[in-house]
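One structure below.
Reminder, nothing fancy here: chain letters follow the sequence lines and each chain counts from 1.
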There are 2 protein chains.
Amino acid sequence: MKPANKASEIDRIVATIDRAVAEQRLPPGTRLVEAQLVESLNANRNHVRVALQRLALKRIVTIEPNKGASIAQPSVEEARAVFAARSVIERGIIEILVSQRGALNLALLRKQRDQEQAAIERGQREAIIRESGQFHLLLARLAGNPVLEDVLKDLITRSSLIISLYQRHSDPQCGCDEHGDIIAAIEGRDPLPAIQCMRHHLNDLEQHLNLDFWETRSVDLQTVFGDDHD
Amino acid sequence: MKPANKASEIDRIVATIDRAVAEQRLPPGTRLVEAQLVESLNANRNHVRVALQRLALKRIVTIEPNKGASIAQPSVEEARAVFAARSVIERGIIEILVSQRGALNLALLRKQRDQEQAAIERGQREAIIRESGQFHLLLARLAGNPVLEDVLKDLITRSSLIISLYQRHSDPQCGCDEHGDIIAAIEGRDPLPAIQCMRHHLNDLEQHLNLDFWETRSVDLQTVFGDDHD
DNA sequence: GCATGAATAATTGTTAACAATTTTTGAGGC
DNA sequence: GCCTCAAAAATTGTTAACAATTATTCATGC
């Protein structure tokens with residue numbers, strides 16, 4: 001139906017599901033029935049299957065043999081490991097950024113931060129999550145290491161999943177302007193405060209999780225993918 | 001032919017190719033023809049295709065649409081990025097290890113180091129590469145973070161690929177007992193020397209690469225997979 | 001009512017055939 | 001010799017049908 005050079009048809013499916021998870025439109029535990037995906041995404045079954053395999057590799061979906069795929073439900077241990085890994089990687093990214101010679105592109109960061117703030121003010125939950133992730137990803141991109149960027153991208157999606165699973169509904173989405181603080185700290189060109197700031201930020205995220213309770217909702221794939229999300 | 005619970009048939013194929021690359025039996029650029037893999041690995045074509053997709057995701061193979069898969073030939077930039085990423089991640093791992101309360105399992109590390117030394121003395125190239133990778137992976141495992149461990153595992157395989165591509169044949173495999181030094185530094189429980197040591201080690205690896213020249217050999221898959229490697 | 005279990009439906013897994021594309025081969029002309 | 005180009009072969013991509021497994025339904029007996 002769509003042109004979409006066939007080479008990346010699988011990428012398209014992966015990206016669509018990935019994004020739906022990252023933006024928490026697909027809650028953990030949601031069953032992903034092949035036939036439904038084929039219909040919702042106008043894809044063929046083989047491509048869907050391969051895409052699911054890829055997502056399984058990224059721990060975004062879980063595949064049980066003969067039972068099918070569902071959106072993953074990361075355990076508490078996995079959740080902790082993901083945040084610890086992010087701490088390690090984002091610390092490295094900040095060190096690279098701060099030690100970089102040449103003007104670091106603070107303008108781009110500020111712009112991203114502003115977009116996030118705008119989303120917060122409008123109260124658009126999905127946009128907030130997306131923009132927040134984009135901020136962290138932008139740091140990685142500015143650091144100029146595609147390998148770290150790739151790894152972090154996956155970890156951010158997994159973080160969304162974890163937050164979606166464990167977040168306390170009562171808590172506010174994001175305390176204050178922590179991303180602004182990080183920008184300021186990076187601007188100072190002194191690694192230690194910047195690292196402390198990032199560490200504090202990730203710690204905040206983790207602390208706001210309720211690691212004892214979660215609920216699983218059921219979801220209509222047609223609705224989730226129906227809008228202009230692909 | 002083999003029992004090999006079907007659930008992980010794809011895993012088996014991926015692991016076999018992965019290991020062949022990590023041990024440099026499959027040089028960069030080698031074409032991976034589906035039909036040959038089906039025969040060499042006693043697998044069905046679908047499984048082989050999915051396995052290749054996975055390996056492509058891990059940047060171990062490159063898939064060109066309608067042209068097939070080959071073992072990747074990482075660019076110089078990618079090589080630098082991989083080593084920089086390892087530096088960030090392994091630094092984090094060491095910090096976790098050093099700050100861990102409770103006895104850190106130095107015995108396991110020493111045993112691994114001894115195995116590597118034995119391989120070096122016997123001059124078994126494949127074993128040396130494998131054991132060296134295992135040492136780094138063991139550090140990750142002892143740090144108790146499966147996420148970092150997974151990421152590092154991929155990076156180590158990619159490192160093998162890079163070394164295989166860019167290494168100067170004249171240089172010795174591995175200078176001196178750098179892994180022993182790392183153990184000693186960790187034992188000291190002081191993070192800084194340990195980190196310096198690891199950084200030095202990775203730097204050594206990178207410095208011993210020739211980033212201007214490489215050659216592509218052709219390889220018979222039957223031979224590569226023929227021995228007891230699966 | 002509800003536990004049991006066979007029949008049915010839904011879903012995933014596998015296979016083989018076919019289509020499309022690229023690569024190789026080889027004949028003909030210069 | 002070697003360039004060109006068409007035919008053949010090899011290789012990858014796609015599809016649909018079938019098999020195997022799991023989930024659901026529903027009648028039956030207690």
Side-chain angles (χ1 to χ4, degrees), chain A residues 1-17 26 29-57 60-73 216-222 224-225, chain B residues 1-17 26 29-57 60-73 216-222 224-225:
Chain A
M1 210 127 284
K2 243 164 291 180
N5 55 339
K6 302 216 184 168
S8 56
E9 168 71 352
I10 292 167
D11 290 337
R12 193 197 109 231
I13 301 172
V14 170
T16 305
I17 298 177
L26 271 177
T30 307
R31 293 219 40 209
L32 300 174
V33 178
E34 292 178 2
Q36 294 180 46
L37 291 175
V38 165
E39 178 139 10
S40 305
L41 302 172
N42 294 308
N44 83 40
R45 209 179 136 209
N46 248 326
H47 290 161
V48 166
R49 299 190 99 229
V50 173
L52 289 175
Q53 296 267 1
R54 272 209 211 166
L55 290 163
L57 203 65
I60 290 170
V61 315
T62 304
I63 296 181
E64 281 183 290
N66 289 320
K67 299 270 206 77
S70 355
I71 303 295
Q73 299 180 315
T216 308
R217 289 164 277 168
S218 90
V219 157
D220 175 38
L221 295 181
Q222 198 70 50
V224 171
F225 295 126
Chain B
M1 209 129 282
K2 245 164 290 181
N5 54 339
K6 302 215 183 168
S8 56
E9 167 72 351
I10 293 167
D11 290 337
R12 193 197 109 232
I13 301 172
V14 170
T16 305
I17 297 177
L26 271 177
T30 307
R31 293 219 42 208
L32 300 175
V33 177
E34 292 178 2
Q36 294 181 45
L37 291 174
V38 165
E39 178 139 8
S40 304
L41 301 172
N42 293 310
N44 83 41
R45 208 178 137 210
N46 249 326
H47 291 162
V48 166
R49 299 191 99 229
V50 173
L52 289 175
Q53 296 267 1
R54 272 208 212 168
L55 290 163
L57 203 65
I60 291 170
V61 315
T62 304
I63 296 180
E64 281 183 289
N66 288 319
K67 300 270 206 75
S70 357
I71 303 296
Q73 299 180 315
T216 308
R217 289 164 277 169
S218 90
V219 157
D220 175 39
L221 294 181
Q222 198 71 49
V224 172
F225 294 126

Discussion item. Run the side chain to side chain contact (heavy atoms under 4.5 Å, CB included) test against A:Asn44 and tell me which residues pass, sequence neighbours left out.
Written reply: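 For A:Asn44 the side chain to side chain contact (heavy atoms under 4.5 Å, CB included) partners, ignoring immediate neighbours, are A:Asn46, A:His47.
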Discussion item. Could you work out, with side chain to side chain contact (heavy atoms under 4.5 Å, CB included) as the rule, every residue matching B:Ala15, not counting sequence neighbours?
Written reply: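 Scan of B:Ala15 (side chain to side chain contact (heavy atoms under 4.5 Å, CB included), adjacent residues dropped) gives none.
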Rounded distance (Å) that lies between atom [atom2] of [N] and atom [atom1] of [X]:
| X | N | atom1 | atom2 | answer |
| --- | --- | --- | --- | --- |
| B:Glu64 | C:dT21 | CD | P | 16 Å |
| B:Ile10 | C:dT14 | CD1 | C1' | 12 Å |
| B:Ile63 | C:dT22 | CD1 | C1' | 16 Å |
| B:Leu32 | D:dT11 | CG | C1' | 13 Å |
| B:Leu52 | D:dG13 | CG | C1' | 14 Å |

Would you tabulate the nitrogen or oxygen pairs shorter than 3.5 Å linking the protein to nucleotides 16-23 of chain D?
{"from": "D:dT21", "atom 1": "O3'", "to": "A:Asn66", "atom 2": "ND2", "distance (Å)": "3.4"}

Item to complete: Measure the angle between the two terminal helix axes of the helix from C:dG1-D:dC30 to C:dC30-D:dG1, five base pairs each, and quote it to 10°.
Response: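 Comparing the first five pairs with the last five, the axes sit 0° apart.
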[X] side chain N/O closer than 4.0 Å to the phosphate oxygens (OP1, OP2) of [N]?
| X | N | value |
| --- | --- | --- |
| A:Asn44 | D:dT15 | yes |
| B:His47 | C:dT14 | yes |
| B:Arg49 | D:dT12 | no |

Show me the donor-acceptor pairs, under 3.5 Å and distance only, between side chains in residues 48-55 of chain B and residues at least two apart or in other chains.
{"from": "B:Arg49", "atom 1": "NE", "to": "B:Glu34", "atom 2": "OE2", "distance (Å)": "3.0"}
{"from": "B:Gln53", "atom 1": "OE1", "to": "A:Arg54", "atom 2": "NH2", "distance (Å)": "3.4"}
{"from": "B:Arg54", "atom 1": "NH1", "to": "B:Asp11", "atom 2": "OD1", "distance (Å)": "2.7"}
{"from": "B:Arg54", "atom 1": "NH2", "to": "A:Gln53", "atom 2": "OE1", "distance (Å)": "3.4"}

Discussion item. Closest approach to the side chain of B:Glu34, judged atom by atom: which nucleotide of C:dG13, C:dT15, D:dG13 is it?
Written reply: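 Looking only at side-chain atoms, B:Glu34 lies closest to D:dG13.
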